[in-house]
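Structure, as structure tokens:
For clarity, every value in this text was computed on a predicted model and none was experimentally measured. The chains referred to below are lettered A, B, ... by the order of the sequence lines, with proteins before strands, and numbering in each begins at 1.
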Amino acid sequence: MQEIPSKQQMTTTQLLALYEMMVRVRRFEERVALVYRAGELPGFVHLYLGEEAVAAGVCAHLTDEDIITSTHRGHGHALAKGCSTERTMAELYGRSDGYSGGRGGSMHVYAMQHGLLGTNGVVGGGIPLAVGSALSMKTLGKPNVSVAFYGDGASNHGLCYESLNLAAVYKLPVVFVCENNLYATATRLVDVASNPDIASRSDAFRMPGVVVDGNDVLAVYEVAGNAIYRARAGEGPTLIEAKTYRTCGHYEGDQIAGTYRTLEEIEKWKKRCPISTYRLKLISEFEIDEDTLNGIEAKIGEEIDRAVEFSRQSPHPDTETVGDHIFAEAS
Amino acid sequence: MSTRISYMNAIRDGIAEEMRLDPTVITLGEGIGERGGSYAHTKNLWQEFGSSRVIDVPICENGFTGMAIGAAASGLKPIVDLMFADMLYEAMGTLCHQAGKLHHVSNGGVQVPMVVRAQMGGRTSGAHHSACPYSLFMHCPGFKVVAPSNPADAKGLIKASIRDPNPVIFFEHKFLYPKKDEVPDSEYITPIGEAKVVREGSDVTLVAISSMVGKALNVAEGPEMDVDVELIDPRTLYPLDIDTILRSVAKTGRLTIVEEAHLTCGAGAEIAALVCQHAFDYLRAPIIRVASLDTPNPYAPGLEAAMIPSEERILTSVRRLMEAQRSADVRALV
């Protein structure tokens with residue numbers, strides 16, 4: 001059993017891994033926006049810009065045998081869970097080398113080899129799947145945990161409450177991570193939630209509820225580590241509310257500000273960028289030299305270049321296969 | 001060797017056999033544990049397999065069905081027991097969004113080996129406890145849809161459904177639960193996707209689903225029947241064994257489809273369309289569908305009886321088929 005982690009005990013390698021993952025997610029999403037605007041991607045995409053610390057901080061504790069379920073805003077979760085930039089990008093391109101062979105797209109990236117039971121097109125849709133994964137782990141005696149990522153929008157969904165209750169009743173090894181980015185599409189949480197303190201809703205299910213600054217990757221890392229440790233130890237589920245902010249539109253192409261929020265609000269949150277604040281902290285508090293960080297950024301830049309080139313070169317799915325995989329064959 | 005067993009207990013026995021063979025098979029539902037289910041249809045399973053494999057759940061069909069989907073995708077083979085097929089409407093979102101699509105959209109990377117037991121049919125239970133919504137799951141890709149009509153098929157098909165690596169919606173008819181018939185003592189599987197010719201005949205093909213098989217057989221062998229009826233039980237509605245139906249229609253040239261689901265967009269509509277497409281030249285008369293009216297199930301016994309197909313309506317359909325020519329007024333046949 002792993003020890004409860006503490007940020008004081010983190011190695012330089014662990015600290016830099018968090019930074020690298022956040023940069024990977026950021027650069028990936030920025031490039032997705034560019035190629036989407038250039039007309040290279042079919043469909044539509046929801047970007048994770050500004051929320052990178054949550055996926056990076058939580059998934060740093062997980063192995064490929066641990067399972068997560070994600071959302072419509074799921075590229076960051078996929079990458080943080082170990083999916084490659086190349087195959088994730090290829091899926092957005094709808095190409096045969098994508099994780100779902102181009103059948104899925106942004107909201108249907110599945111990679112069970114990395115423990116990703118899907119991004120998801122239905123708000124709240126992934127939450128009970130994570131609970132079910134935890135039921136498997138408990139029933140089969142596996143030492144693993146599952147994590148359900150969802151947003152403040154899903155936190156008002158009946159399926160969310162049903163899932164919280166089921167997990168608590170059966171004391172399942174699942175961690176609920178609600179990324180509260182304040183808006184469900186364009187609706188303020190405070191306008192549609194009689195209790196906007198999402199973490200406090202855990203009281204109704206007698207499970208621990210924790211609020212964390214979702215823009216502080218070390219804080220997320222610590223809180224998630226404790227919850228995951230607890231789950232692995234058989235002590236049941238935890239609800240984590242990570243307060244964060246999406247600095248882009250709901251979907252790429254959506255207006256960023258003007259109706260439901262102001263540019264001033266966005267600028268305020270951009271100053272709290274999880275990556276630039278962590279970068280400063282690494283330099284000032286952990287005495288990491290800037291060249292090391294520059295090196296990581298350069299490496300990721302090249303990785304994203306390669307992912308785009310890989311995706312452009314990847315063949316389109318063979319239309320002859322359109323009817324494949326409706327049913328699995330008995331083994 | 002065989003033993004007379006009720007339809008309900010045949011399914012229960014099939015589940016128990018599979019649970020003994022495969023420790024990853026679990027079942028979950030409301031009141032199915034120590035109590036043994038609302039119909040006593042899971043009697044003794046909890047006592048044999050314990051509460052980690054026979055799980056009582058809170059009343060939240062969408063949530064616990066979603067939990068079962070996640071469990072199926074990660075190593076278990078759950079049997080969800082909905083108690084009433086009507087509750088499929090509650091679980092429809094998570095079933096159709098996730099269970100039916102997961103294998104395809106993951107490019108074959110995820111399998112969802114699960115069974116949903118849906119107890120259907122009118123038994124003066126009113127509008128919320130009588131539905132036969134199987135055609136909804138024939139329409140949504142990714143589901144196998146099974147509806148056995150007798151104890152032996154019910155046992156063989158539940159075992160096949162549990163072993164199937166896909167989501168199977170298993171429609172049990174509540175009216176059939178107490179009906180007893182011979183069930184083989186030895187281990188057997190009834191394959192999904194194979195229809196059965198219940199009775200051979202040469203004049204009219206009757207395709208009957210679930211509880212309507214018994215009614216159709218009564219009509220076919222009743223004293224008032226003066227033509228030779230071939231009776232087919234599809235047993236599986238998706239994938240549908242249309243070849244067996246086409247072979248019969250090629251022989252008889254006349255077809256009535258009998259089902260308890262509502263008329264519009266029922267399984268009968270799909271079967272009729274397929275027969276028109278593939279066997280039009282063999283038809284000597286328009287196809288007749290005998291189905292429940294497009295109304296919710298009423299509570300009063302007389303009202304419900306007026307809604308659900310009766311043996312009289314089946315008999316009338318056969319007579320009209322024999323009288324009709326292709327030029328007949330179709331409206332008169334409906």
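For B/F64, the parts lying near chain A are the backbone and the side chain together; criterion is any non-hydrogen pair under 4.5 Å. The contact between A/I326 and chain B is made by backbone and side chain atoms together, counting heavy-atom distances below 4.5 Å. Heavy atoms closer than 4.5 Å to chain B are found in both the backbone and the side chain of A/V131. Within the 4.5 angstrom heavy-atom criterion, only backbone atoms of A/V322 (N, CA, C, O) approach chain B. Neither the backbone nor the side chain of B/V112 has a heavy atom closer than 4.5 Å to any heavy atom of chain A.
Interface with chain B: from residues 40-47 of chain A, no residue qualifies, criterion being any non-hydrogen pair under 4.5 Å.
Put simply, of A/L117, A/V109, A/I67, the one with the most heavy-atom pairs under 4.5 Å next to chain B is A/L117.
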Just by distance, which donor-acceptor pairs between chain A and chain B come in under 3.5 Å?
{"from": "A/S100", "atom 1": "OG", "to": "B/V105", "atom 2": "O", "distance (Å)": "3.2"}
{"from": "A/R103", "atom 1": "NE", "to": "B/N107", "atom 2": "OD1", "distance (Å)": "2.7"}
{"from": "A/N120", "atom 1": "OD1", "to": "B/Q98", "atom 2": "NE2", "distance (Å)": "3.0"}
{"from": "A/N120", "atom 1": "ND2", "to": "B/Q98", "atom 2": "OE1", "distance (Å)": "3.1"}
{"from": "A/S136", "atom 1": "OG", "to": "B/A71", "atom 2": "O", "distance (Å)": "3.0"}
{"from": "A/S136", "atom 1": "OG", "to": "B/S74", "atom 2": "OG", "distance (Å)": "2.8"}
{"from": "A/E162", "atom 1": "OE1", "to": "B/G63", "atom 2": "N", "distance (Å)": "2.6"}
{"from": "A/Y170", "atom 1": "OH", "to": "B/D56", "atom 2": "O", "distance (Å)": "2.6"}
{"from": "A/D324", "atom 1": "O", "to": "B/H104", "atom 2": "ND1", "distance (Å)": "2.8"}
{"from": "A/H325", "atom 1": "O", "to": "B/H104", "atom 2": "N", "distance (Å)": "3.1"}
{"from": "A/H325", "atom 1": "NE2", "to": "B/N107", "atom 2": "O", "distance (Å)": "3.4"}
{"from": "A/A328", "atom 1": "N", "to": "B/N166", "atom 2": "OD1", "distance (Å)": "2.6"}
{"from": "A/A328", "atom 1": "O", "to": "B/N166", "atom 2": "ND2", "distance (Å)": "2.9"}

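Residues A/L135 and B/I26 form a side-chain contact, since some pair of their non-hydrogen atoms from C-beta on lies under 4.5 Å apart. Within the 4.5 Å cutoff, no side-chain heavy atoms of B/I69 are placed close to those of A/P128.
The environment of CD1 in B/I59 is sparse: at most 12 heavy-atom neighbours from other residues, nucleotides or ligands sit within 6.0 Å.
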